[in-house]
Structure formats: C-alpha cells, structure tokens
Amino acid sequence: MGLINVIKGEQPVFFPLKMLVEGEALDKGNIGEYLIDYALSHGSIAGEKKIYRNLLVPRRGATDASEVDVLMVHERGIYVFESKNYSGWIFGSADQLRWTASLNKATKERFYNPVRQNRGHVDALASVLGLPEEAFVSFIVFSERCELKAVPDDTESVIICRRHHLVRDVERSLERREFSFDEKKLDGICDMLDGLAKASTAEARNEHAAQAKAVAEGTVCPYCGSNLVERRRKSDGNVFIGCSAFPKCRYTRSGW
C-alpha cells in the first residue's frame, strides 16, 4: 500500500527527511501528522487550498488552546484532521468516552474518543473564525497498521479512514460538498489562521502539552482548568474531588 501511495505522489520516498532538516522529533505522532500534510499537499486534490500543521486555536476550557494536528482550508470548506497511530483492531462508537485498540486478547489500549476530540477542535475553530458548523468536515485518520473493526459510519461532516485512503476520501467528500467560500472570504480566513500559526511556536505547544497532560492525569479540572481539591460532603461526611473554582465551576468526581 505504501508503494502505491509513493507512486501516486501521496507519500514521500524518504518521508523523515524534511523533518530531520527542520529538527522535528521523529515520534509516531509527528510522523503521522507529517504524512497527512504531505498527502494533502502533494496528492491529486483539486482546487485552492492551504495546509496548516500543529495549529494552536484559543478556546475556553481545561486548556487555553486546542491543538489541531492538520488543517486544510479549501474553497469548499475547512477540513480538520486528527491523526491516530494505533496498531491492531480499533473499536469504538460515537458516544463512547474511550475507544479501544486491541492487538490481541491480552494487549489492549484505551484512548479518548477521537470523534469527540476533533469535535472540540472544530468548535474552537468555528468560534475563532466566526464560521457555521457546515463549513467544517472532521477527518479521523488512522495508520495503515490498524483495522477499523467497529467504528461509526461516515457522515457528511465526520469521516474515519486509514491514511492510505486519505486523498481518495477527501476527494469524494469535496465532490459532495455544496458549501463554498469566495476568494475574499478564503483570504480572510487564511489571514486569521496565519496569525494563529505564527503564535503556535514550539514553546507554546510544549506549554499546551503540559496542560493537556495535567488534565489527563486528573490533577486539574477538565471543565475549566483550575486545580482539583479534596472536599467533604456535608450530608454524609464522605470525601470527594471537586474544582477549586467552586461555585463558579461545579465539576466533581468520586476520588483520585
């Protein structure tokens, strides 16, 4: 499959070369995002487009920004890509909090529902850019090493695929789209995103990663980002975990 994509121009022959030249870390996450960027930039996708990678978009919530893996601004809409590099069988439904990557009966890995995750990215972009929901298409892109065993069916606004089918599925989506931007609107959107890209420095992304890690580890509130503290319920004396910003934020859970 990789050779076919190389022949089609959708995958580089020496894909880490540009990353090495630019001093990027060659971890699975960065490589996956780079390969999506390359496929979109060098594939056969027609029309005016501009690609952004690792874009920090301001938002209100547990972290002060949403980091978008790859973004394609096209005359027919804004495509938001979430890259996943799991192996094995992938299971998950649209409403589940966590999905599962299963290599075998003994080896399973849980990860946050990527449909929900990318929904957060889309919401942040819609708010910052002042665009309606129908302007966006969400793509969840898994590596070729996995099999999508049981995942939600594609819709007009959410598409789940493996990376070697990315260009094909983007082209099919574009063919169905009726939404479009005129040249002036497209230029205005790119101007705003250029500003966000300039502010998305390595230092800013590292700070965001630290915030996201704190949320994942359960030390800060997933709703507002304030510290979590132990509290004691007056009714029965039981200890629970609550947000230090109470009563402004009322997040609670049973324990650490």
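Computation of the quantities below employed the complete heavy-atom set of this structure, encompassing side-chain atoms and omitting hydrogens, waters and symmetry-equivalent molecules. For this chain, numbers begin at 1 and follow the sequence in order. Just so we're clear, the structure is a prediction, and the values are computed from it rather than from any experiment.
Remark: Asn206 CG is packed, more than 12 non-hydrogen atoms of other residues, nucleotides or ligands lying under 6.0 Å away. No more than 12 heavy atoms of other residues, nucleotides or ligands shown are found within 6.0 angstrom of CD on Glu48. Annotation: Arg116, atom CZ; neighbour count of heavy atoms from other residues, nucleotides and ligands within 6.0 Å is above 12.
The closest donor-acceptor contact from the side chain of Arg163 to the backbone of Ser143 lies at 3.5 Å or more, if one exists at all. Thr155 contributes a side-chain N or O that, together with a main-chain N or O of Ser157, makes up a donor-acceptor pair within less than 3.5 Å. Of the possible donor and acceptor atoms, none in the side chain of Ser66 sits under 3.5 Å from a partner among the backbone N and O of Val57. Checking side-chain atoms of Asn118 against main-chain N and O of Ser138 turns up no donor-acceptor pair under 3.5 Å.
Ring-plane geometry between Tyr38 and Tyr34 is classed as tilted, the angle between the planes lying from 30 to 60 degrees on a 0 to 90 degree scale. Between Phe81 and Phe139, the ring planes lie tilted relative to each other; the angle falls in the 30° to 60° range. The aromatic rings of Trp99 and Phe111 lie perpendicular to each other, with more than 60° between the two planes, well past the 30° mark.
Of the charged side-chain nitrogens involved, none lies within less than 4.0 Å of a carboxylate oxygen, so that Glu175 and Arg76 do not count as a salt-bridged pair.
Under the 4.5 Å side-chain criterion, counting only non-hydrogen atoms from C-beta, Tyr52 is in contact with Cys190.
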Asp194/Lys198 under salt bridge (Lys or Arg N to Asp or Glu O under 4.0 Å): CA gap, chis, key distance, verdict = CA-CA 6 Å; Asp194 287 345; Lys198 186 176 181 180; over 6 Å; no
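One hydrophobic cluster, built from ILVMFWY side chains closer than 4.5 Å, holds both Ile78 and Met192.
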